[in-house]
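Everything quoted here is computed from the prediction, not taken from an experiment. Every chain is numbered from 1, with letters handed out A, B, ... down the list of sequences.
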There are 2 protein chains.
Amino acid sequence: MSERVTIKSIAKDLGISHMTVSRALSNHPNVMKATRDAVKQRARELGYVKNAAASAMRGDETQIIGLLLPNIVNEFYAQFANTMALACEAKSLQLVIHLTGDNIANEEKALERLHQIQVQRVVMVPTPGKSEKSVLHLRDTSVIQLIRQRDIGRPTPTILVDDSPAIRDAVAHLAAQGHQRIAYIGADKELTSGRSRLAAFREGLKRTELTEIPELICTGGPSKEMGQTHARRILNEKRATAMVCGGFEISNGALGALMETGLQPSENLSFIGYGDPSFYTWVGRGISTVAVPVEPLAYKAVDLLTGRADPASDHIHRFVASLIVR
Amino acid sequence: MSERVTIKSIAKDLGISHMTVSRALSNHPNVMKATRDAVKQRARELGYVKNAAASAMRGDETQIIGLLLPNIVNEFYAQFANTMALACEAKSLQLVIHLTGDNIANEEKALERLHQIQVQRVVMVPTPGKSEKSVLHLRDTSVIQLIRQRDIGRPTPTILVDDSPAIRDAVAHLAAQGHQRIAYIGADKELTSGRSRLAAFREGLKRTELTEIPELICTGGPSKEMGQTHARRILNEKRATAMVCGGFEISNGALGALMETGLQPSENLSFIGYGDPSFYTWVGRGISTVAVPVEPLAYKAVDLLTGRADPASDHIHRFVASLIVR
DNA sequence: TTGAAAGCGCTAACAA
DNA sequence: TTGTTAGCGCTTTCAA
């Protein structure tokens with residue numbers, strides 16, 4: 001295994017001081033052209049790369065971006081991560097991805113490890129719950145919150161989805177079709193997003209003068225499983241004729257439950273999903289959904305990340321979701 | 001913004017030497033229990049975390065794993081990345097993800113940046129082409145190759161899919177249905193996987209005594225777009241009655257082209273995809289496909305990564321794909 | 001134009 | 001049991 005190539009090893013190789021090598025490689029003006037060329041040439045031959053740890057120790061920016069997501073299988077998160085990763089490639093940033101599974105302990109561990117490597121900025125979907133530790137680890141990091149908002153002890157820019165109109169539209173659409181028993185599956189009150197989506201659903205019922213049916217309103221920790229479980233129950237009980245989902249994971253879980261009945265989404269139960277993975281257009285006659293504009297969200301995150309917007313502000317950037325009826 | 005907490009700052013705070021702090025925090029035996037407790041207590045209060053850069057500079061392992069994938073939107077890669085990320089959480093490893101888009105220049109850049117941060121191990125889907133630079137950057141890193149195999153100047157463990165039987169089965173299945181004009185869209189000869197899948201397709205034709213139709217065999221750089229373009233053309237020309245895909249991206253691209261015709265996959269053209277994203281069961285009457293066991297692949301990668309298997313061997317780990325007819 | 005010294009945070013080795 | 005020194009790779013500051 002070859003020895004690590006450092007400015008010192010190059011200096012020794014060339015019989016000059018390591019400072020000259022350093023200056024040559026960083027294009028400092030005070031180096032003779034001949035020297036600089038020789039150094040660069042030799043560095044290339046030996047396969048020199050600057051040691052990031054040494055730079056970090058000196059206090060240089062680490063060029064590391066942390067991304068915390070519940071998972072990257074859900075197409076929304078996958079798309080978001082994909083776009084961010086491509087942007088990071090373009091800006092020569094390292095993207096470190098941690099999956100939280102929406103569990104706060106995982107979030108804390110992930111943030112601790114990012115703290116260790118002196119991460120520059122963090123984009124995160126905060127998990128349900130509160131965490132002192134997370135706040136502590138984020139003390140010296142600039143943070144962008146996504147989808148949900150949690151208090152981390154100081155203002156942070158936040159990228160939210162304004163889905164209330166679309167959710168109300170969803171209810172209105174179903175009501176117009178004659179549905180009276182509309183189920184809702186969404187995140188619970190732990191989450192800002194859970195609260196606002198449920199409120200929008202209720203508002204939708206109110207506006208269409210439908211009565212709220214408590215046993216058809218299911219909330220809980222947002223997960224695919226949770227969506228699946230509740231959807232199965234609702235399908236079994238046959239008390240609902242339509243269903244609205246309030247969450248990316250929940251939507252796919254519920255859709256899975258619906259599909260396993262072997263019937264088309266619209267025959268058994270009018271289904272309105274959340275998020276718009278590519279395949280929603282291909283399933284059955286197409287899955288109606290509350291579509292969230294993932295690319296704009298991701299570009300905004302990149303914008304905030306790369307300082308075209310002020311990362312220190314507590315501005316909330318809202319992106320409007322829209323109901324797609326298929 | 002608070003000052004960084006270091007062993008020295010804790011030492012000063014406590015009026016002892018930084019070495020005692022270091023020893024206390026790393027549970028070195030030669031520290032009085034009282035001292036150790038006091039140090040740990042204070043460290044917790046101040047929110048101390050060990051500086052990874054300093055550790056790395058001393059030559060400690062960086063606990064960083066690099067993952068190079070074409071993208072993470074395709075559900076196969078997303079699943080793989082998800083599983084690896086979870087495994088990395090469990091082992092307290094940092095997962096740095098780089099997307100190559102199957103472009104060799106991107107791969108080189110990604111590997112250079114991983115080299116800079118002294119990445120421990122790399123799991124990669126090698127891009128088409130050859131690269132001196134990649135070889136150089138991987139000189140001191142242990143590498144696991146995935147899906148495809150490229151010469152990087154020394155043996156590496158490799159995780160491959162043995163899809164030849166399934167692809168032959170696919171042709172046999174279509175032939176048994178009476179198809180005589182079967183198209184194939186797959187990666188080109190740049191890739192080990194491209195070569196072997198095409199060979200399997202041809203062998204399938206031979207075994208069923210079908211004639212190879214050159215204009216129905218499409219190869220090229222593997223991408224969603226490529227799959228879509230070729231599938232569109234084939235659908236337009238109406239020369240084929242069936243289609244077999246040889247690649248994850250290609251399969252989704254081709255499926256997209258098929259779906260945009262507005263007809264069910266089996267009505268227009270018998271379609272056999274590659275990889276088995278969850279939604280293939282939900283589209284039309286279900287999409288037949290060459291299913292690749294993604295979880296076992298990912299677990300094997302983790303196994304190799306965490307040393308339960310020998311990462312220095314050049315062993316090829318093959319996972320058998322199977323034809324799923326829906 | 002080049003070089004020597006110092007220091008970022010950490011721990012092995014040696015000293016007390 | 002605790003402390004001092006040195007050095008990992010790099011660049012800033014000062015000296016030649």
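Rounded to a whole Å, the CG atom of A:L46 is 14 Å from the P atom of D:dG9. In this entry the distance linking NZ of A:K33 with P of C:dT2 reads 13 Å, nearest Å. Distance CD1 (B:I10) to P (C:dT11): 11 Å, rounded to an integer number of Å. The interatomic distance linking A:M57 (CE) with C:dA6 (P) rounds to 16 Å, in whole Å. If you take CD of B:Q116 and P of D:dG9, they are 15 Å apart, rounded to a whole angstrom. Residue A:K12 contributes atom NZ, which lies 17 Å from atom C1' of C:dG3 at whole-angstrom precision. Nucleotide C:dA4 holds its C1' atom 15 Å from the CD1 atom of A:I16, rounded to whole Å. When the C1' atom of C:dG9 is taken as reference, atom NE2 of A:H115 falls 13 Å away, rounded to whole Å.
A salt bridge is absent between A:K109 and A:E112; no separation between the charged side-chain nitrogens and carboxylate oxygens falls under 4.0 Å.
Look at A:S17 and you won't find any side-chain N or O under 4.0 angstrom from OP1 or OP2 of C:dT2.
In this structure, the side chain of A:R42 does not engage the main chain of A:D13 through any donor-acceptor pair within 3.5 Å.
Between the side chains of A:Q149 and A:T192, no donor N or O sits under 3.5 Å from an acceptor N or O. Judged purely by distance below 3.5 Å, without hydrogens or angles, the side chains of B:S9 and B:E3 never pair a donor atom with an acceptor atom.
Taking 4.5 Å as the limit, every side-chain heavy atom of A:Q41 sits out of range of all side-chain heavy atoms of A:D37.
Residues that satisfy the side-chain contact (heavy atoms from CB on, under 4.5 Å) test with A:T62, not counting sequence neighbours, are A:A56, A:I64, A:Q118, A:Q120. In terms of the side chain to side chain donor-acceptor pair (under 3.5 Å) criterion, residue partners of B:E108 (sequence neighbours excluded) are, by chain and number, B:S131. The side-chain contact (heavy atoms from CB on, under 4.5 Å) test applied to B:L95 returns B:I65, B:L67, B:M84, B:A85, B:C88, B:I97, not counting sequence neighbours. Shown here are the side chain to side chain donor-acceptor pair (under 3.5 Å) partners of A:H98, two or more places apart in sequence or in another chain: B:E89, B:Q94.
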- Message: What does the B/S/- profile of nucleotides 10-16 of chain D look like, 5' to 3', with a 4.0 Å heavy-atom cutoff to protein?
- Response: BBBB---

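For the helix from C:dT1-D:dA16 to C:dA16-D:dT1, the end axes, each set by the C1' atoms of five terminal pairs, are bent relative to each other by 60° (nearest 10°).
Which of D:dT2, C:dT2, C:dC8 sits closest to the side chain of A:V31 comes down to C:dT2.
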